[in-house]
Trainee: 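One structure, as structure tokens, below. Some questions next.
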Amino acid sequence: MQTITSSSVKLINVNTPDSIWEHIRSDNKIQYFWLGRQPYQLIWGLQKQLHAKRVSGEIPDVILLLEHDHVYTFGKNADKNYLLNTHPEAEVVQTDRGGEVTYHGPGQLVGYPIINLNHYHKSITWFMRSLEKIIINSLKHYNIESQLNDGLPGVWIDDEKICAMGVRISRWVTMHGFALNINPNMDYFDGMIPCGIQNYGVTSIKDLIHKNVSQLDLIKVIVKEFNHVFNKTS
């Protein structure tokens, strides 16, 4: 375990997800954990455990940051026809989040906020706009201008999505979250209709600025933006 600290960021590096319980504090500040590359099902199970303990008030808000092995995930009411099955080696998982089919894999930063909205704003719309704002402001650090696309989830660069989003909220505690494309293998996006949205593309930070971005530096920026947005109202 390693704790990465700067003037505005404290990120706990946990390579074994089960060991996260050793490091969760009892105060009310958001805790950020970097889990490295992990299989989807393992982290989904961890999210469920964290969610239950956040609902009961046993733990503070927690945000998991990680990469996944290659996986396509379906939202609870997703159309299975949107997966084209051109990459059969990738795992396929039916989840309990909203949204359609989404790809996760190496080179993509995934964030799972386990946050109690009772302490912020009890509004699904507010939460989604807050996540989008965090990503839009983070991308500005790399001189990337992004925006919302009316009626379509996520963060966009013109007609190309750079960050997908899908969440589940139960008892006003959130789980699931966002997937930001840093430098994934873009071929995997050809194996689906991203989020069920046809006639739109997908892009990445690497495609836009044509250079590698430090994952840790990007995480520090995102954590800073989270801290700006999620200031408790009570």
Trainee: Only counting residues at least two apart or in another chain, list the ones meeting side chain to side chain donor-acceptor pair (under 3.5 Å) with S56.
Mentor: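 Scan of S56 (side chain to side chain donor-acceptor pair (under 3.5 Å), adjacent residues dropped) gives E58.
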
Trainee: Restricting to salt bridge (Lys or Arg N to Asp or Glu O under 4.0 Å), what partner residues turn up for D27, sequence neighbours left out?
Mentor: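 Checked D27 against salt bridge (Lys or Arg N to Asp or Glu O under 4.0 Å); matches are R25.
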
Trainee: Determine whether V223 and I63 satisfy the following criterion, side-chain contact (heavy atoms from CB on, under 4.5 Å), listing intermediate values before the conclusion.
Mentor: CA-CA 9 Å; V223 169; I63 297 177; over 6 Å; no

Trainee: Does I222 offer a backbone N or O that forms a donor-acceptor pair with the side chain of H141 under 3.5 Å?
Mentor: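 No.
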
Trainee: Assess K80 against F74: is NZ or CZ under 6.0 Å from the centre of the six-membered ring, and within 45 degrees of the ring's axis?
Mentor: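 That pair qualifies as a cation-pi contact.
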
Trainee: Is a donor on one side and an acceptor on the other found under 3.5 Å between the side chain of H51 and the backbone of V173?
Mentor: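 Yes; at least one donor-acceptor contact below 3.5 Å.
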
Trainee: Tell me the salt bridge (charged side-chain N to carboxylate O under 4.0 Å, His left out) pairs involving residues 37-49, sequence neighbours left out?
Mentor: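 Salt bridge (charged side-chain N to carboxylate O under 4.0 Å, His left out) check on residues 37-49 returns R37-D69.
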
Trainee: Do the side chains of D96 and R168 get close enough for a salt bridge, i.e. N-O under 4.0 angstrom?
Mentor: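 Yes, charged N to carboxylate O under 4.0 Å.
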
Trainee: Between L139, L65, L180, which is the residue that forms a side chain to side chain contact (heavy atoms under 4.5 Å, CB included) with L218?
Mentor: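 Result for side chain to side chain contact (heavy atoms under 4.5 Å, CB included) with L218: L180.
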
Trainee: Which heavy-atom pair separates W172 from S123 by the least distance, and what is that distance?
Mentor: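 Looking at all heavy atoms of both residues, the shortest contact is CZ3-N, 3.4 Å.
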
Trainee: Quick check, are the ring centers of F127 and H121 under 6.0 angstrom apart?
Mentor: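 Distance test on ring centres: not under 6.0 Å, no.
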
Trainee: Give a yes or no on whether the ring-centroid distance for W126 and F230 is below 6.0 angstrom.
Mentor: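 Close enough - the centres of the two rings lie under 6.0 Å apart.
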
Trainee: As a quick check of understanding, evaluate side-chain contact (heavy atoms from CB on, under 4.5 Å) for F178 and V110, giving each step before the final call.
Mentor: CA-CA 6 Å; F178 67 85; V110 176; over 6 Å; no

Trainee: If every non-hydrogen atom of M186 is compared with every non-hydrogen atom of V202, which pair is closest and at what distance?
Mentor: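 Where M186 meets V202 most closely, the heavy atoms are CE-O, 3.6 Å.
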
Trainee: Would D61 and Y32 satisfy side chain to side chain donor-acceptor pair (under 3.5 Å), going step by step from the backbone distance to the final call?
Mentor: CA-CA 9 Å; D61 295 330; Y32 300 88; over 6 Å; no

Trainee: What side-chain donor-acceptor pairs closer than 3.5 Å can you find for residues 143-150, not counting sequence neighbours?
Mentor:
residue : atom : partner : partner atom : Å
Q147    : NE2  : W156    : O            : 3.3
Q147    : NE2  : D158    : O            : 3.4

Trainee: Would the distance check show the side chain of E100 and the main-chain N or O of Y82 forming a donor-acceptor pair, the cut-off being under 3.5 Å?
Mentor: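 No, because the side chain of E100 does not come within donor-acceptor range (under 3.5 Å) of the backbone of Y82.
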
Trainee: With a 3.5 Å distance limit and no angle check, can you tell me whether T16 reaches the backbone of D18 through a side-chain donor-acceptor pair?
Mentor: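 It does not hold such a pair.
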
Trainee: Apply side chain to side chain donor-acceptor pair (under 3.5 Å) to Q108 and list each qualifying residue two or more places apart in sequence or on a separate chain.
Mentor: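 Expected list: H104, N181.
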
Trainee: Contact between N116 and V55 at the side-chain level, heavy atoms closer than 4.5 Å - yes or no?
Mentor: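 Side-chain contact under 4.5 Å: no.
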
Trainee: Any side-chain heavy-atom pair from H87 and M192 closer than 4.5 angstrom?
Mentor: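 Of all side-chain heavy-atom pairs linking M192 with H87, none is under 4.5 Å.
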
Trainee: Side chain of Q47, backbone of H176: donor and acceptor closer than 3.5 Å?
Mentor: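 Answer holds: yes.
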
Trainee: Is there side-chain contact between I182 and Q215, with at least one heavy-atom pair below 4.5 Å?
Mentor: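 They are in side-chain contact.
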
Trainee: Can you find a heavy atom in the side chain of V92 that is under 4.5 Å from one in the side chain of V101?
Mentor: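 A side-chain contact under 4.5 Å is absent here.
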
Trainee: Do V155 and M165 come within less than 4.5 Å of each other through their side chains, counting heavy atoms only?
Mentor: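 V155 reaches M165 side chain to side chain.
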
Trainee: With the side chain counted from C-beta on, respond yes when R97 and T102 share a heavy-atom pair under 4.5 Å apart, and no when they do not.
Mentor: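 Yes, side chains in contact.
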
Trainee: Below 30° counts as parallel, above 60° as perpendicular, anything between as tilted: where do the rings of H70 and Y103 land?
Mentor: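 Plane angle under 30°, so parallel.
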
Trainee: Could you check whether the rings of Y188 and Y72 sit parallel, tilted or perpendicular, using 30° and 60° as the cut-offs?
Mentor: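 Because their plane-to-plane angle lies in the 30° to 60° range, the rings of Y188 and Y72 count as tilted.
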
Trainee: Under the rule for side chain to side chain donor-acceptor pair (under 3.5 Å), what residues qualify as partners of N183, not counting sequence neighbours?
Mentor: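 With sequence neighbours excluded, N183 shows a side chain to side chain donor-acceptor pair (under 3.5 Å) to no residue whatsoever.
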
Trainee: For the residue pair K224 and V221, establish whether any side-chain heavy-atom pair is separated by less than 4.5 Å.
Mentor: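 K224 vs V221: side chains apart.
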
Trainee: Are side-chain heavy atoms of T86 and D187 found at a separation under 4.5 Å?
Mentor: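 They are not in side-chain contact.
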
Trainee: Show your working on side chain to side chain donor-acceptor pair (under 3.5 Å) between R54 and T174 and close with a plain yes or no.
Mentor: CA-CA 9 Å; R54 188 67 189 103; T174 69; over 6 Å; no

